[in-house]
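Only one structure is covered here, and it is reproduced in the block below.
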Amino acid sequence: MKDRFFLTTAISYPNGAPHLGHAYELLAADAIARFMRLDGKDVFFLTGTDEHGLKMVQTAEREGLPVKDLADRNAARFRAMGQTLAATNDDFIRTTEPRHYDASQAIWKRMEANGDIYLSKYSGWYSVRDEAFFGEDELTSGDGGKKFAPSGAPVEWVEEESYFFKLASYQQKLLDWYDAHPDFIGPETRKNEVVSFVKRGLTDLSISRKTFSWGVPVPDAPDHVMYVWVDALTNYITACGFPDESAERYPYWPANLHLIGKDIIRFHTVYWPAFLMSAGLPVPKRVFAHGFLNNRGEKMSKSTGNVLEPIAMAEHYGLDAFRYFFLREITFGADGSYSHEAIVARLNADLANDLGNLAQRSLSMVNKNCEAKIPAKGPLSDEDKVLLDAAYALRAEARAAMNDFALHSILNAIWKVVGDTNRYFAGQAPWALRKTDPARMETVLWVTAEVLRIIGILTQPFIPLAAPKLLDLLAVPADSRDFAHAEAGFALTSGTELPAPTALFPRYVEAETEGQTPGKEGKGG
RNA sequence: GGCAGUGUAGCUCAGCUGGUUAGAGCGUGGCACUCAUAAUGCCAAGGUCGGUGGUUCGAGCCCACUCACUGCUACCA
């Protein structure tokens, strides 16, 4: 029986088109999902869209279409982005689906049955024009003590009937949970923030609204809709079939990983576990928050025009390069910055020059000098053994790094070996051995090819187009590409016929025309 | 203001419980090679490890103070 591994992205809010931040989270999750599958896990990878709430209603009005039509249109865009990025999610959930209404109402009833939901009044400064509440610090004061929203609209103090969740009573339970599960929140810096936040004390949470109706109705109180987070967070168990405990995917819960942006850490590490505890459901194993991306050190925003269209970028640089860059260049969990120059540098240096050219230079020698077959493996020298050992050690290094979701460290370690292999190849100089010691040449080429096999296997989660292509060039059978095969026992067999080598990654050559590259000119989103 | 974190070569970052001349990649300069995608290899230049003062036989790594930047500081996702 395989170990199960259930991971999720946050569900995206589709009141606009997907942007690079959405893409980044999805492809990081995808790399983890692929990694786990290759490492023998039974993976369930979930993503989707969070379609309720006031902002969807407002955007729909602005665009003059029914809100469900807006949701349908934009959810389709998010789905399409996933396909362009080669995301291997097993399900795509939308919070407007009937199954999700069932699950949301079921968890609500359980929290209510547990005595954690009560009716009271939510009060605050409300702007009729904006249809939204504002905090005291967001307001500006005008003549005669009148207060105004950031939009300039006047606000009034209103009290609204609302259901509340007894979050305050979960303070100690949450602190105990964090204490007993030190890996629950990552990275470490986020954990510190959450713990200190909870320690300061929690107050009960308003979890329903009557001011709009675009949401999941509260059971037995249809004039209330669930406020966005109760509904949104529940998507993770909806996808497991909740409340049907006999559902096929029910055993995947609790999730092994919620991958989210750092901005929504509180909802996932405070509210969500409290809801689940209240409903008598298991709490997820880990929540990991990634950082934000900056374009040349500037925050991405529509107003500065540097919001990039991820599909256009993937098509421009190539999917593998796009994925590789963001997973390799940015310390996973921290904020990162990117630029056209940085992407091109990575693409050319790491992919085309280091790995692509290594495959090309070695396999073309095999093709010309070894009858296009895996060369004969002779006695191994110390240099051969050192290099092979470094390659075989990568699997364990990758697993260790994955334990902290240090995707960048995995790629760093793999490319260290790519560099070692180029140095080995230059040092052994098989083109010289061809004349002086052909048998030794074959051994050098065999060692190089075997290292490439390991690299091909381990890079599959990150560069899902080129890695299989590399394994094809080495004639590695489709059923021999799991991490289980990344060891000496499955080494290349001399004499196996190989196809003619072809390039893995094209070099990026700067276009003649200026301003046509997505990293240089922002395409407003 | 309070709490937390960061500050190491032009750029992005590693630096184990403090221990001999502080490392890598990219970029730059030179050389070599020719199997290869004008790719690769070798060598070199370049850092008062934010600052000041301590502890220690010895500190990038510990302590105090200080400067700069970042995050969090509840119902906004």
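Every chain is numbered from 1, with letters handed out A, B, ... down the list of sequences.
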Test: R94(A) cationic atom under 6.0 Å from F78(A) six-membered ring centre, within 45° of axis: no
Donor + acceptor pair across side chains of H340(A), Y317(A) (<3.5 Å): yes
5' precedence on RNA chain B between R200(A) and N192(A) (nearest-nucleotide basis): N192(A)
Pair assignment for G25(B), Watson-Crick or G-U wobble, requiring both distances under 3.5 Å: C11(B)
Pairing partner of A38(B) (Watson-Crick or G-U wobble, both distances under 3.5 Å): none
Euclidean distance for C1', G60(B) against C75(B) (whole angstrom): 44 Å
Pair partner, U48(B) [Watson-Crick or wobble, under 3.5 Å]: none
Integer-rounded Å distance: A14(B) P and N412(A) CG: 10 Å
G-U wobble or Watson-Crick pairing nucleotide for C76(B) (cut-off 3.5 Å, both distances): none
Pairing partner (Watson-Crick or G-U wobble, both distances under 3.5 angstrom) of G60(B): none
Between A4(B) (P) and K199(A) (NZ): distance, integer Å: 11 Å
Donor-acceptor side-chain pairing of Y508(A) and H316(A) below 3.5 angstrom: yes
Atom P, compared across G18(B) and G58(B): separation rounded to whole Å: 15 Å
Reading 5' to 3' through nucleotides 35-41 of chain B, protein heavy-atom contacts under 4.0 Å coded B for base, S for sugar-phosphate only, - for none: BBB-SSS
Sugar-phosphate, base or nothing in reach of I264(A), heavy atoms under 4.0 Å: nothing
Contact nearer the 5' end of RNA chain B, comparing K55(A) with K262(A): K262(A)
For D176(A), all residues meeting salt bridge (charged side-chain N to carboxylate O under 4.0 Å, His left out), sequence neighbours excluded: none
Distance-only polar pair, side chains of T95(A) and E51(A), donor-acceptor under 3.5 Å: no
Under 3.5 Å on both distances, the Watson-Crick or G-U partner of A4(B): U70(B)
Y163(A)/W108(A) aromatic ring centres below 6.0 Å: yes
Pair D472(A) + K469(A): basic N to acidic O under 4.0 Å: no
Residue matched to U20(B) through Watson-Crick or wobble contacts both under 3.5 angstrom: none
